[in-house]
Structure formats: C-alpha cells, structure tokens
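Below, read A as the first sequence line, B as the second, and so on, with proteins coming before strands; counting in each chain starts at 1. Computed from heavy atoms alone, side chains included, the values below leave out hydrogens, waters and symmetry copies.
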Amino acid sequence: MSPPDGVRIRPAGEHGLLVETGSLEAAHRLDALLRADRPAGVTEIVPGPATVLVVAPGADPDRLRPRLAAAARAARAPGPAAVAPGRLVTVPVVYDGADLDDVAALSGLTAGEVVERHTGRELVVGWLGFAPGFAYLTGLDPVLHVPRLATPRTAVPAGAVAVAGPYSAVYPSASPGGWRLLGRSPTPVWDVAADPPAVLTPGTRVRFRAVAG
Amino acid sequence: MIEVVAPGPYATVQDLGRPGYGHLGVPRSGAADAPSLRLANRLVGNPEGAAGIELTFGGAVLRFLDGGWAALTGAVCPVALPGGSAGMYAPFWVPAGGELRMGAPATGLRTYVAVRGGVDVPPVLGSRSADSLSGLGPDPLAPGRILPVGPSADLPPITVDAAPPPGDAPGVLRVLPGPRDDWFAPGALSALCAEPYEVSQDSDRVGVRLVGAPLERARSGELPSEGVVAGSLQVPPDGRPIVFLADHPPTGGYPVIAVLTAGGLAAAAQLRPGDRVRFRL
C-alpha cells in the first residue's frame, strides 16, 4: 500500500529510513539532492537500484519523513534542470583478460567485437557493494550479458575489468571474484588516501577505452 | 606503547567505525558493542570515539611498556595485574612494564580495553577500526604487536571512580518490523518472536547466525540490492535470520524482516555460540 503522495518510505530500525524511488535514475537524483542539501543528522545516504537508504541517528524520523518524501517526489519527476548529469570518467583498459575468448564465444562475437561492444557505450555507476569501491556499472550492451563463472576465482587482481549478468565492473582491489575478466585497467579506481577514495561513485558516467599493454 | 603478549582467540583495534562511506561499499565497522567501548573511554577520560581493543572470549595479555590508565568494559572476565590492582568497570593504573591479564568471560563475548590517550594506529578513512569484511584498518592483533598510545596531556582528568557493570544479559531483544516484512508469510513475524533461536558457531563481527524456526517467505524471486543497517535481521533463502553486526556489508540482496533497537544491537554483539535468544516486537 502506497501513501497518498505516492512515495513509500519504509522503516529500517530506529534511525534508518528506506525510500523507494522506483528506478535507479530516480535513486541517483534523490542521492544527489540529499547530498547537495543534506538534512541535519543524516550520516549515511546509500542508493540502490530502486531505493535510497538514509541513516540519521541525530534526527527525528517523523520530521525527516516529509522532507525525504518531498525530495523523492522531485527526484521522480525532475524538472528541466533538476540535477546535472553525473561526471564522465574514461577508464583505459588493456583487453587481455583470461576470459575474453570465453565471453566472445558465449556472446557469438570475436574478441575484437567484444572490445568494440564494451567500449561502444557509456555506462553509468548504479551503486557500490561487494567490496569498498566495487561499482556495479549499468547500461552494458545486452550482447555482453554473460553468466558468472560456475566456480569463482580465489584471487582477482586489482584493476581487473570484468562482466557478469547485466553489469560490468573494475575490481578496486585484489579479492576473490566470479565475474568474467575482459582485461585490466592501469588506472586505479580505489585509493584510501584520496577523498573520495572511490573514482566510480553512484551516477558517474563511464566510458571504457582500449589501450595497448 | 602496549605490547600484545597474547591476543586471546581474536582481538582487534576498534573505534566507532567509518560512517558515511556506505555508498562507496565501505562497511561502517567499529566496536560491535559500541556502548561498551564508549563507556570504557569515558572511564579513562578519553573522547568516546577513541580507539580501544575489542577482545573476543577474553584471554589476552597486554604489557604496558609505559605506565598508563586503563579500563575494561563489556563481557566480564577475570582480570589480573601483578604489581598493581585492576578490575572491570573502573579505571586503574598500570605501572610501566605491567602485564594486564584477562581470562575468559563466564558470559558474554566481547570485552573492551580502553587506554588513556587511545590506541594510536594510523587511521584509514578516518577510523582506526579493523574491518573483518573489507580488510580496511589494522590487522587483527598478533603476539608481539606493538600498539602506540596517543597523547593524554590535554585530556580532561579522570572523574569517574566506577561504573555499574551490566546486569544479566537480556534474553529478549526488541525488534522493529521492516523494511521488508511484507516479503514474508503473514505469520513470519510471530514465528520470529515465538520460540528462542540458538546462536550458531559461524557467527562473527559481520553477523550473528541463528538456528531455529525458519521464516517463510510470501514472495519468491530476488530483491534488488538495497542499503542495510546494523541490527538488521536479514533472511536468506534457507529462512534462518542473520543479525548484522558492525562489519556487515552496506548493501544486501536478501529481505530484512526486522531491525533490532540500538540496545538490542549492543546485546546481540555479546551473544556467544550456543546462547539462546528471543525476539519481541
């Protein structure tokens, strides 16, 4: 059951509110609106594919709710200049990944065509999860939607560029991983000494560019 | 400086964690039982968020290379300090070279050691907490590790003689329904609160895994990944809830049926494998 104003806000404990946005695009706009004009007491703003979690240990939830509802309505029906589009980041990739030929076979393409498809579209960072700095990149060419590995690797190096399902990603640091590796980026996407530590933040637009190894 | 002679089964440096980085995939981390760390810090005149040591099942030996004030809170364990005197829930002085020895707690799981000045390892993303999920922050303590202690000259004087130790652990933890209680069969919240659950062996700082009545879903299929908070009772397909603690992933793809109150979260962090726990709306 949705409230009359059409924005559903679910409780997440004493200090959390989970705002349903209905879409990733609206989640990004709400995230941007709240970061630009952060309500008092809010410590976390975490966008997901169709929600934004807001954690506010120092706020009265009954006062925060209408504020979030108004922002969510604005995010769902943006005016002409509601929120500027995310910044564009170009990520260089050496396409020599261990799974490049397998992805080509699974998608019925040559390895060169996989590279063309992977570099041919602008992707958008949907949200982060799995590990610090691990961005789920949305908008991948549907031809490249391939299943994860049946058996994940125990070690994937930092900078590995991979695909799985409808997403692409750049591994921010070495970790286990079940995505299929297309190549590697010489540019780090995660640095704990930087502010922010992640290059790929929600809403950032990403273009991959093939470079020689 | 403090030398870790023995860390016990598992010990880490913890402060109040890394809030504000959830959207970048960074767990909050920090003391699992945050009120206990805050209290230990107050007892030695530290800011509440100073870094201390979180012991799991006690059993640690710490040598204070310089003299210093310390305090112990959380799970009550036997304490010995040859050449000095020490106990739980009150500040005490450890002479230079003194060896603080902690035994195993009879109940509860996590004991906090605060030292005046705070444990001064280098912060990562604004926190000195060891995050067991992401690996951010200092490594778990190992024998021989030297921990620097921060300056204390500018700290306020110690004004508290002793704090009351906690009473018996609450056997009943309060939960608030949602955010995804509508993903479960109508009787699931009642089932959660009916019979006690037993804490599983594979519980850690990420979560307390529970064995008991499985919670039946009303909806199949996958929930799109969404932000989750500490204290969430996330329910994977096997129906057995996991209570998320400090090192929980900031987003999750299984529905959360209910979330513990802040008091319930601190109590959950003291649950040990084999303990039984009840939930109440």
| request: Measure the shortest side-chain to side-chain distance between P11(A) and L176(B) over non-hydrogen atoms and say whether it is less than 4.5 angstrom. | output: no
| request: Using a 4.5 Å cut-off on heavy atoms from C-beta on, say whether the side chain of V229(B) contacts that of H15(A). | output: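 No; the side chains remain at least 4.5 Å from each other.
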| request: Go through the atoms of L128(A) and report whether side chain, backbone, both or neither lie under 4.5 Å from a heavy atom of chain B. | output: both
Which answer fits [X], side chain, backbone, both or neither, if we ask what part of it has an atom under 4.5 Å from a heavy atom of chain A?
| X | result |
| --- | --- |
| V124(B) | side chain |
| V228(B) | backbone |
| S225(B) | both |
| L265(B) | neither |
| R18(B) | backbone |

| task | Can you check whether anything in residues 39-50 of chain A gets within less than 4.5 Å of chain B, heavy-atom wise, and list it by number? | result | T43(A), E44(A), I45(A), V46(A), P47(A), G48(A), P49(A)
Relative to chain A, which of [options] shows the most heavy atom pairs under 4.5 Å?
| options | result |
| --- | --- |
| T261(B), L260(B), L136(B) | T261(B) |
| G178(B), P19(B), G20(B) | G20(B) |
| G135(B), A262(B), P224(B) | A262(B) |

| note | With sequence neighbours left out, the residues meeting side chain to side chain contact (heavy atoms under 4.5 Å, CB included) with L223(B) are R180(B), W183(B), E226(B), P255(B)
